[in-house]
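We number each residue from 1, following the sequence as shown. In this text, all values refer to a predicted model and were calculated from it rather than measured experimentally. No hydrogens, no waters, no symmetry mates; every other heavy atom, side chains included, goes into these values.
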Amino acid sequence: MAINEAVELAKRYSSEDAARFVNGILGQLARDRGLAEGDAGAGDPAEAQPAGPPVPAPGAEGGSTEP
């Protein structure tokens with residue numbers, strides 16, 4: 001897959017951090033477009049992205065959580 005090739009190039013010509021960045025960006029793009037192969041659990045679990053937008057903590061929208 002092209003994502004794996006891009007990650008390998010980033011490792012070879014830059015750093016491990018760059019490879020992780022490239023993997024995260026291209027992986028999210030593939031998931032957004034429905035192009036990702038396999039399940040979301042494939043690959044490094046440390047690089048897994050949440051399935052949707054973050055959920056704000058209670059009271060994070062300016063309101064108080066106390067009665």
### Results of side-chain hydrogen bond (donor to acceptor under 3.5 Å, both in side chains) for Asp32 - residues two or more places apart only
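Residues passing side-chain hydrogen bond (donor to acceptor under 3.5 Å, both in side chains) with Asp32: Gln28.
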
### Message
Which heavy atom of Ala19 sits nearest to which heavy atom of Ala10, and what is that distance?
### Response
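Closest pair (atom of Ala19, atom of Ala10, distance): CA-CB, 3.7 Å.
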
### Query
Are any non-hydrogen side-chain atoms of Leu26 and Val22 less than 4.5 angstrom apart?
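Heavy-atom side-chain distance check passes, below 4.5 Å.
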
### Query
Can you tell me how far the NZ atom of Lys11 sits from the CG atom of Asp17, to the nearest 0.5 Å?
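Rounded to the nearest 0.5 Å, the NZ-CG separation comes to 12.0 Å.
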
### Query
Just how far is it from atom OG of Ser14 to atom CZ of Phe21, taken to the nearest 0.5 Å?
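Output value for this atom pair is 11.0 Å.
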
